[in-house]
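Heads up, the thing below is written out as structure tokens.
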Amino acid sequence: MSVEIKGVVKEIVFKNEENGYVVADVDTDDGEITVVGYIPIINVGETMSFTGNFTIHPIYGKQLQVVSSKQIMPSTLEGIISYLSSGLIKGIGPKMAERIVKKFGKDSLDVIQYRPHLLTQVNGIGEKKAKIIAQSFEEQREIKEVMLFLQQYGISVAYAMKIYKKYRDNTIEYIRENPYRLADDITGIGFKMADSIAKKMGVDPESPYRIMCGIKFVLNQYSLEGHTFAKKNELIERASNILSVDKELVEGGINTLTINGEIHQEDIDGEIAVFSMAFYYAETGVCKKIIELANTKFDDIDIDLDEEISRIEKESNIALAEKQKLAIKESVKNGVTVITGGPGTGKTTTVNSIIKIFEKMNLDIALAAPTGRAAKRLTETTGREAKTIHRLLEYSFSEDGIGMRFIKDGDEPLTADVIIVDEVSMIDILLMYHLLKAVMPGTRLILVGDVDQLPSVGPGNVLHDIIGSEIVKVVKLTEIFRQAEESMIVVNAHKINKGLKPILNAKGKDFYFISKRNQDDILNTIKELCLKRLPNFSNCDPIKDIQVLTPMKNSKIGTINLNCELQDILNPKAVHKKEKKIGERLFRVGDKVMQVKNNYNIKWKSKDNLREGEGIFNGDIGYVCDIDEELKILTVLYDDEKYVEYDFAGLDEIELAYSITIHKSQGSEFPIVVMPVSWAPPMLLNRNLLYTAVTRAKELVVLVGAEKYLYMMIKNKRDMNRNSGLKYRFKRIVEVYNQAF
Ligand SMILES: Nc1ncnc2c1ncn2[C@@H]1O[C@H](COP(=O)(O)OP(=O)(O)OP(=O)(O)O)[C@@H](O)[C@H]1O
């Protein structure tokens with residue numbers, strides 16, 4: 001039965017700022033009552049009314065489950081004192097509150113709001129203080145008004161606070177005028193949310209604000225699909241469908257946005273391309289800087305390169321191939337060099353030789369890679385510290401403490417003489433732009449990567465375009481050094497890359513295909529492989545050494561289901577294993593998990609507390625080692641020594657990782673890779689994806705499924721079809737140069 005209680009909020013025991021969930025103690029005429037529920041505005045000392053149902057919690061006892069709540073201006077003297085002493089109103093503490101109420105009694109709040117000059121009659125309040133009190137009271141009133149206004153459009157407390165912080169006392173006016181501005185100004189609010197608010201407010205579906213916001217939304221969708229621009233006619237088509245308005249209106253919107261400088265239109269290879277400004281600046285910036293760097297030549301070197309190469313060959317007891325020697329020489333002589341090649345073609349060996357030569361030349365070398373895992377691997381293979389590109393560029397909070405920014409840029413460039421970046425195929429256009437901004441001519445930049453891997457998750461086809469530029473020295477390593485007798489993984493990776501059928505199930509080798517027709521059989525076989533067959537066959541640790549990679553998240557053989565199934569058998573429920581369920585997701589001590597976003601600020605500590613640091617990155621894999629219900633903390637161990645405590649509210653940063661998508665596996669390596677091969681949307685059945693999955697394995701690949709889909713993947717080169725203007729920009733510059741000289 002629904003009841004209403006009234007009282008003064010005595011204590012807020014818990015408050016989730018994100019969603020407004022509150023547990024609070026309230027003083028009522030019937031004694032203290034605990035209220036729980038979504039209460040957007042609540043402050044200690046306020047008089048409030050709560051409507052809801054009484055429930056009995058097994059531990060905390062009787063409490064009111066709140067359905068709705070509202071603040072009421074206190075009417076009793078104690079209520080007014082309590083409200084004024086709560087600390088909400090600047091300039092008033094408990095003693096001052098008593099003095100004000102003693103002077104004005106029940107009119108106190110009225111005086112503060114309408115006749116604040118009278119406050120100077122109270123001992124200790126001068127004109128200045130009276131002003132501060134009145135202002136702060138007004139602000140509180142405003143916040144409440146804004147909250148109530150935003151609440152009616154279903155905006156959460158967290159967003160409401162963000163909106164208020166941005167627009168302050170203009171909030172209501174601004175949103176009434178153009179709710180679509182929320183999509184531009186408030187992080188987390190996109191076109192869809194703004195559109196739903198606007199709809200509730202009765203905004204005309206043909207409003208120019210709506211159309212322009214929708215166009216920017218569609219352009220953003222293009223970037224999420226990997227494109228740096230949209231072809232204008234396609235953009236018009238898509239936007240007019242999504243907005244359900246005429247194409248002419250969309251075209252008008254595109255033109256207005258262009259005039260306003262919010263988007264850019266340009267002829268790219270005979271087609272009108274529409275860019276978001278960020279990608280336009282990034283492409284032109286990357287193009288300009290690459291040309292600038294490539295124009296710097298280092299011909300005057302005071303060491304004999306051939307002699308040095310011979311020395312290195314002797315030292316490491318290896319005869320470098322001609323291409324490897326060429327890569328070394330080009331890296332020394334040029335401002336920018338790209339070294340590319342498939343697995344086992346000697347990239348790492350070449351990079352190590354290059355490092356030795358630059359060390360001999362007493363040059364300062366910086367090593368970097370786009371992900372934490374790739375940086376760690378580079379550290380291991382070179383024996384020198386490698387950083388993530390974000391770390392190298394000192395990505396940190398900006399001065400306003402809200403946004404993040406790269407400290408290293410054109411004004412404060414990197415000081416290293418040589419910058420070697422690995423896994424460049426994973427770098428998108430924006431990250432490349434930021435990196436290049438911080439690299440000054442006179443620095444040697446060496447880009448290493450396998451151009452046939454999946455392109456970056458973010459927009460652009462940067463490595464591919466730079467390689468095709470004809471401006472930068474590119475050395476393509478083609479000889480495979482890890483021989484066929486040794487590794488069928490390497491041989492097959494190269495075959496797949498050439499569009500050829502891989503050699504399956506060669507006796508005693510490391511590349512297997514198990515034929516299964518339907519998804520149930522595939523799933524069961526994968527479970528059996530992980531639990532018994534592979535550990536029996538190779539004595540591996542089923543959780544640590546086997547990685548199940550899959551193209552997708554959904555379906556029986558997508559990550560979500562595979563993780564549930566594999567968790568059940570590899571780390572089953574047990575009395576001694578603590579668990580935490582968050583929504584549909586369940587974490588258990590012993591689980592393999594993956595960090596799914598870059599978190600540069602999260603702290604880690606070693607077990608003995610002697611070592612500590614910051615940062616866990618997208619793609620890092622760890623193991624749940626403790627769950628503390630009381631402190632609401634789940635601890636994950638990364639890299640055998642980094643203990644990271646996640647607040648339960650921060651668990652959206654990790655996911656189970658028995659199975660991960662192939663996209664997430666980029667830049668990582670695993671001893672054993674198991675992969676389902678079955679029907680999936682054609683865009684996921686492509687060659688790059690298969691090639692990337694296969695090349696993640698160091699010791700063994702087991703594919704499970706139907707061969708026809710394997711061949712479908714090998715034939716499908718579709719993933720490369722990304723709109724990118726970078727290649728064209730390079731081409732144009734080369735043409736202009738060739739015409740001029
Ligand atoms: N010139 C060479 N002669 C003989 N062996 C070589 C030569 N260059 C590299 N190797 C060997 O070939 C193997 C693969 O080389 P390396 O690790 O440098 O290649 P990679 O391209 O970095 O491979 P991956 O991308 O798979 O890590 C290593 O065992 C390495 O020692």
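One-based numbering, in listed order, for ligands and for the atoms of each.
- In terms of polar-atom proximity, defined here as any N/O pair under 3.5 Å, Ile318 makes no such contact with ligand 1.
- Looking at Pro343 against ligand 1, both its backbone and its side chain come within 4.0 Å, counting heavy atoms.
- Close approach to Ala321 involves these atoms of ligand 1, each under 4.0 Å from a residue heavy atom: 1 (N).
- Under a 4.0 Å criterion applied to the non-hydrogen atoms of Leu320, ligand 1 contributes the atoms 1 (N).
- Counting heavy atoms under 4.0 Å from ligand 1, residue Thr349 touches it through both backbone and side chain.
- Closest of all the heavy-atom pairs between Met432 and Ile466 is CE-CD1, 4.1 Å.
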If you apply the rule side-chain hydrogen bond (donor to acceptor under 3.5 Å, both in side chains), what do you find for Asn352 with Thr382, and how did you get there?
CA-CA 6 Å; Asn352 281 336; Thr382 57; 5.1 Å; no
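- Salt-bridge annotation for Arg377 and Glu423: present, with a side-chain N of the basic residue lying under 4.0 Å from a carboxylate O of the acidic one.
- Geometrically, Lys437 does not engage Phe406 in a cation-pi contact defined by less than 6.0 Å to the ring centre and at most 45° from the axis.
- In terms of polar-atom proximity, defined here as any N/O pair under 3.5 Å, Glu669 makes no such contact with ligand 1.
- In this structure, the ring of Phe617 has its center no less than 6.0 angstrom from the ring center of His390.
- With sequence neighbours excluded, the residues satisfying side chain to side chain contact (heavy atoms under 4.5 Å, CB included) with Lys516 are Ile514, Asp521, Ile522, Thr525, Val704.
- Ligand 1 is approached by Gly344 to a heavy-atom distance shorter than 4.0 Å.
- Residue contact check: Ala319 has heavy atoms under 4.0 Å from atoms 1 (N), 2 (C), 3 (N) of ligand 1.
- Here salt bridge (Lys or Arg N to Asp or Glu O under 4.0 Å) pairs that include residues 339-360, with residues two or more places apart or in two chains, are Glu308-Lys360, Glu359-Arg384.
- The contact set between ligand 1 and Lys347, taken as ligand atoms under 4.0 Å from a residue heavy atom, comprises 18 (O), 19 (O), 20 (P), 21 (O), 22 (O), 25 (O).
- Taking only nitrogen or oxygen atoms, main chain and side chain alike, Gln324 reaches within less than 3.5 Å of ligand 1.
- The ligand atoms of ligand 1 that sit less than 4.0 angstrom from a heavy atom of Gly342 are 21 (O).
- Of all heavy-atom pairs spanning Ala506 and Tyr512, the tightest one is O-OH, 4.1 Å.
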